[in-house]
J.: 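Please see the structure below; I have some questions.
Note that the numbering runs from 1 along the sequence shown for the chain.
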Amino acid sequence: MLGQPVSMLIPRVVGFKLSGDLPEGSTATDLVLTITEMLRKHGVVGKFVEFYGPGVSALPLANRATIGNMSPEFGSTIAVFPIDEETVKYLELTGRSKEQLALVEAYAKEQGLWHDPSAEPRYSEKLELDLATVVPSIAGPKRPQDRIQVTDAKPSFRASLKDYVEGEEENGYDESVAETFPASDPATSNGHGQAAPPSDHLSAAPRDGGRKSDPVEVTLEDGTTFTLDHGAVTIAAITSCTNTSNPSVMIGAALLAKKAVEKGLQRKPWVKTTLAPGSKVVSDYYEKSGLTPYLDKLGFNLVGYGCTTCIGNSGPLIPEVSAAVNEKDLAVTSVLSGNRNFEGRINPDVKMNYLASPPLVVAYALAGSMDVDLFNDPLGQDSDGNDVFLKDIWPAPSEVEEVIASAITSEMFSSDYADVFAGDERWQSLPTPEGKTFAWDEDSTYVRKPPYFDGMPDEPEPVTDIEGARVLLKLGDSVTTDHISPAGAIKKDSPAGTYLAEHGVEQRDFNSYGSRRGNHEVMIRGTFANIRLRNQLAPGTEGGFTRDFTGNGEVTTVFEASEKYLAAGTPLVVLAGKEYGSGSSRDWAAKGTALLGVKAVIAESYERIHRSNLIGMGVLPLQFPEGQSAESLGLTGEETFSITGVTELNEGRTPKTVKVKAGDLEFDAVVRIDTPGEANYYRNGGIMQYVLRNLRRA
């Protein structure tokens with residue numbers, strides 16, 4: 001977008017061989033969660049992943065796109081498939097011309113890019129998966145790589161519950177299952193991982209080593225009464241981009257809904273259900289196949305297209321449910337067909353989030369709880385009072401294929417997207433100012449002029465060492481861009497909520513962080529403010545809190561502390577563990593970090609995108625020495641830091657290490673500026689400053 005080439009080290013290429021066929025009952029989502037688990041375990045950060053082998057031919061293009069779109073979740077730079085007849089068939093279906101189809105095929109064959117199922121290319125590393133071994137799966141409750149077989153979902157949920165329910169630790173659990181679901185150390189893992197499961201049932205009091213539950217009676221406005229407890233599914237959302245553009249899983253979900261309605265099943269009254277397809281074509285083929293009324297009957301009503309629940313735009317829970325959850329501090333769940341389920345991302349009331357295929361989302365809406373065995377417990381009763389099981393309503397692959405063949409045409413894509421950029425009447429009637437530069441509105445709380453170029457000289461000033469820095473946050477492993485970047489609803493009592501209220505915005509009009517990403521004043525106040533973030537510098541807190549060492553170290557918000565540090569001229573550093581910045585590419589994770597006054601991050605390892613984004617905002621990414629961490633070095637986060645050796649960059653070279661002095665401790669940190677292009681960005685204070693200076697010289 002800024003006209004710059006992407007610079008990177010020459011990557012290792014991981015060949016991922018696919019063989020066999022997906023078995024009946026397994027979906028594209030189950031496959032992508034299996035692949036995500038395998039690749040994250042193998043380690044592909046900064047690498048290319050290329051799929052090959054005879055199994056590629058068995059995958060529809062929509063399934064390949066679903067896998068490729070999960071690349072940020074397993075950490076690779078890209079995940080690609082070769083071109084074949086299936087590619088051309090998809091291009092034809094989506095309205096491309098015959099000339100375009102012929103060109104794609106001829107070019108791919110001439111360049112050696114056409115798929116040969118029998119070929120065994122040479123790769124840096126190799127993995128292999130027999131598609132026949134893929135089983136129905138979900139992932140959660142915190143990360144997309146934490147795959148769980150649906151048959152193990154109930155004990156796995158109970159294992160994880162220990163991390164979310166206060167006082168559960170002393171209730172005990174079955175040690176025999178501890179090896180399958182090992183406990184994790186929240187201090188070092190940021191709470192990711194799974195603890196051992198409890199016994200067979202939740203109850204009002206501990207029993208046989210089981211977990212304490214705290215059920216609460218809820219009465220809705222219409223008089224419906226039910227009991228709510230830990231594990232209740234309060235959000236069931238068919239949402240996200242590639243999953244909800246995939247005909248096989250979308251038709252599968254709709255057919256499952258049809259069969260459920262015909263059996264007399266209903267979603268549980270505490271479940272908020274939504275449908276947000278990734279393409280307008282989905283609505284067309286639902287209508288043509290007559291499936292829309294069945295989804296509507298179960299509450300899966302169309303709310304829009306594209307990102308909703310997956311990016312934190314779920315909206316509030318049912319009000320009475322939200323009140324009960326907060327009154328009893330219940331660990332309730334969401335089930336969504338998205339790519340990401342990181343902590344605090346989905347909804348502030350929901351502690352545990354699970355990724356699942358669209359058909360399983362519908363199934364969990366019917367079951368109403370994660371504390372069920374989806375394969376062996378009934379989803380409900382039919383009109384005659386007989387138990388109905390998932391196997392009774394799961395559509396056969398032949399049924400799905402029959403609907404796809406009869407309901408989806410290339411004309412749907414051509415007509416729906418012929419004028420996709422035109423917008424509706426409201427969009428076209430918006431007043432637009434004249435002129436070549438943007439007209440900033442000083443009164444706007446949505447779009448404000450950011451300070452990136454304020455006082456910027458024509459030539460970059462020399463890079464300096466970092467002296468007298470304090471620690472803003474000390475974090476554990478697997479801190480994602482969702483922990484860092486503002487997302488979801490804006491709370492009234494948060495720094496961002498206070499800012500909006502002071503500018504005359506009523507709470508009902510706060511909207512979301514995503515909608516106000518053009519206002520840096522809102523976004524900086526929401527950086528590191530994720531409600532599940534655990535800053536080890538302020539133990540006992542959860543959310544955007546830290547200690548302010550400009551005074552006596554009292555606990556305050558991250559934003560308020562940063563303001564005091566900025567006023568005092570004190571640079572800031574962040575300490576972190578492994579996989580810092582994992583997850584999707586969130587530019588505000590780096591922008592907010594820079595605007596808070598952070599000059600360097602020292603982590604055990606980085607996710608590729610966030611590391612490069614930090615450099616793009618003028619923040620220095622450093623890495624602890626191999627095998628070392630903040631804990632092993634004895635860092636508390638209370639030390640004053642100096643980082644020397646950075647000035648070598650002024651001489652046109654990038655140092656391999658710099659000297660870090662923290663209190664009485666010294667160590668050499670690895671400089672993670674990996675390419676000359678990145679060094680240029682850092683010398684200029686960021687990529688935007690670099691580009692603007694070059695434009696001014698031109």
J.: Quick one: pull up CG in Leu291 and CG in Asp296 and give me the separation to the nearest 0.5 Å.
T.: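 Those atoms lie 11.0 Å apart.
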J.: Got a donor-acceptor contact below 3.5 angstrom from the Arg516 side chain to the Phe510 backbone?
T.: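 Between the backbone of Phe510 and the side chain of Arg516 there is a qualifying donor-acceptor contact (under 3.5 Å).
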J.: Can you tell me if CD on Glu402 sees more than 12 non-hydrogen neighbours from other groups inside 6.0 Å?
T.: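 No.
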J.: Looking only at side chains, do Thr66 and Asn69 share a donor and an acceptor under 3.5 Å apart?
T.: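 Their side chains do not contain a donor-acceptor pair, so the 3.5 Å distance test is not met.
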J.: Answer yes if the side chains of Asn530 and Asp482 hold a donor-acceptor pair under 3.5 Å, and no otherwise.
T.: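 Asn530 vs Asp482: no donor-acceptor pair found between side chains.
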J.: Taking NZ, NE, NH1 and NH2 as the nitrogens, is one of them in Arg517 or Asp587 under 4.0 Å from a carboxylate oxygen of the other?
T.: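 Counted as a salt bridge, because a side-chain N and a carboxylate O are separated by less than 4.0 Å.
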J.: Is the backbone N or O of Arg586 less than 3.5 Å from a side-chain atom of Ser485, with the two atoms forming a donor-acceptor pair by type?
T.: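 Side chain of Ser485 to backbone of Arg586: no pair is present.
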J.: Between Thr36 (side chain) and Val32 (backbone), is there a donor-acceptor pair under 3.5 Å?
T.: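 Answer holds: yes.
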J.: Within the structure provided, determine whether Leu59 and Ile67 are in side-chain contact (heavy-atom separation under 4.5 Å).
T.: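 A side-chain contact exists here, since the closest heavy-atom pair is under 4.5 Å.
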J.: Tell me whether Lys259 at atom NZ has more than 12 heavy atoms from other residues, nucleotides or ligands lying less than 6.0 Å away.
T.: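 Result for NZ/Lys259: enclosed.
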J.: Under 3.5 Å, side chain of Lys328 to main-chain N/O of Val216, donor-acceptor pair present?
T.: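 No; judged by distance alone, with no hydrogens or angles, the pair does not exist.
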J.: Think Lys280 forms a cation-pi with Tyr305, using NZ or CZ under 6.0 Å from the six-ring centre and within 45 degrees of its axis?
T.: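 Output no; distance or angle outside limits.
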J.: Counting only N and O atoms by type, is there a donor-acceptor contact under 3.5 Å from the side chain of Ser369 to the main-chain atoms of Val372?
T.: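 Checking the backbone N and O of Val372 against the side chain of Ser369, no donor-acceptor pair under 3.5 Å is found.
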J.: For Thr308 and Gly304, indicate whether the former's side chain and the latter's backbone hold a donor-acceptor pair under 3.5 Å.
T.: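 Checked: no pair found.
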J.: Among Asp371, Asp152, Asp373, which residue satisfies the salt bridge (charged side-chain N to carboxylate O under 4.0 Å, His left out) criterion with Arg158?
T.: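 Testing Arg158 for a salt bridge (charged side-chain N to carboxylate O under 4.0 Å, His left out) against Asp371, Asp152, Asp373 leaves exactly one candidate, Asp371.
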J.: How many angstroms lie between atom NZ of Lys154 and atom CD1 of Ile148, to the nearest 0.5 angstrom?
T.: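 So the gap between those two atoms works out to 14.5 Å.
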J.: Check whether Gln428 reaches the backbone of Glu425 with its side chain - one donor and one acceptor, N or O, closer than 3.5 Å.
T.: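 No, because the side chain of Gln428 does not come within donor-acceptor range (under 3.5 Å) of the backbone of Glu425.
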J.: Between Asn341 (side chain) and Tyr354 (backbone), is there a donor-acceptor pair under 3.5 Å?
T.: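 No.
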J.: Verify the neighbour count for atom NZ of Lys288: are there more than 12 heavy atoms of other residues, nucleotides or ligands below 6.0 Å?
T.: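 Yes, NZ of Lys288 has more than 12 neighbouring heavy atoms, counting only those of other groups under 6.0 Å.
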J.: Just by distance, do the side chain of His230 and the backbone of Ala331 share a donor-acceptor pair under 3.5 Å?
T.: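 Looks like yes, one N/O pair under 3.5 Å.
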J.: Taking the side chain as C-beta and beyond, is there a heavy-atom pair between Tyr90 and Thr94 under 4.5 Å?
T.: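 A side-chain contact exists here, since the closest heavy-atom pair is under 4.5 Å.
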J.: Can you tell me if Glu105 has over 12 outside heavy atoms packed within less than 6.0 Å of its CD?
T.: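 Yes, because the 6.0 Å sphere around CD of Glu105 holds more than 12 heavy atoms from other groups.
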J.: Is it true that a side-chain atom of Ser314 and a backbone atom of Asn347 form a donor plus acceptor pair closer than 3.5 Å?
T.: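 No; judged by distance alone, with no hydrogens or angles, the pair does not exist.
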J.: Sequence neighbours excluded, which residues qualify as side chain to side chain contact (heavy atoms under 4.5 Å, CB included) partners of Ala79?
T.: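 For Ala79, the residues satisfying side chain to side chain contact (heavy atoms under 4.5 Å, CB included) (neighbours in sequence not counted) are Val49, Phe51, Ser71, Phe74, Ser76.
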J.: Test salt bridge (Lys or Arg N to Asp or Glu O under 4.0 Å) on Arg64 and Asp84 and set out the steps.
T.: CA-CA 12 Å; Arg64 304 177 194 180; Asp84 61 2; 2.9 Å; yes
J.: Should the heavy atoms of other residues, nucleotides or ligands under 6.0 Å from CD of Glu221 be counted, would the total exceed 12?
T.: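 It does not: Glu221 CD has 12 such atoms or fewer within range.
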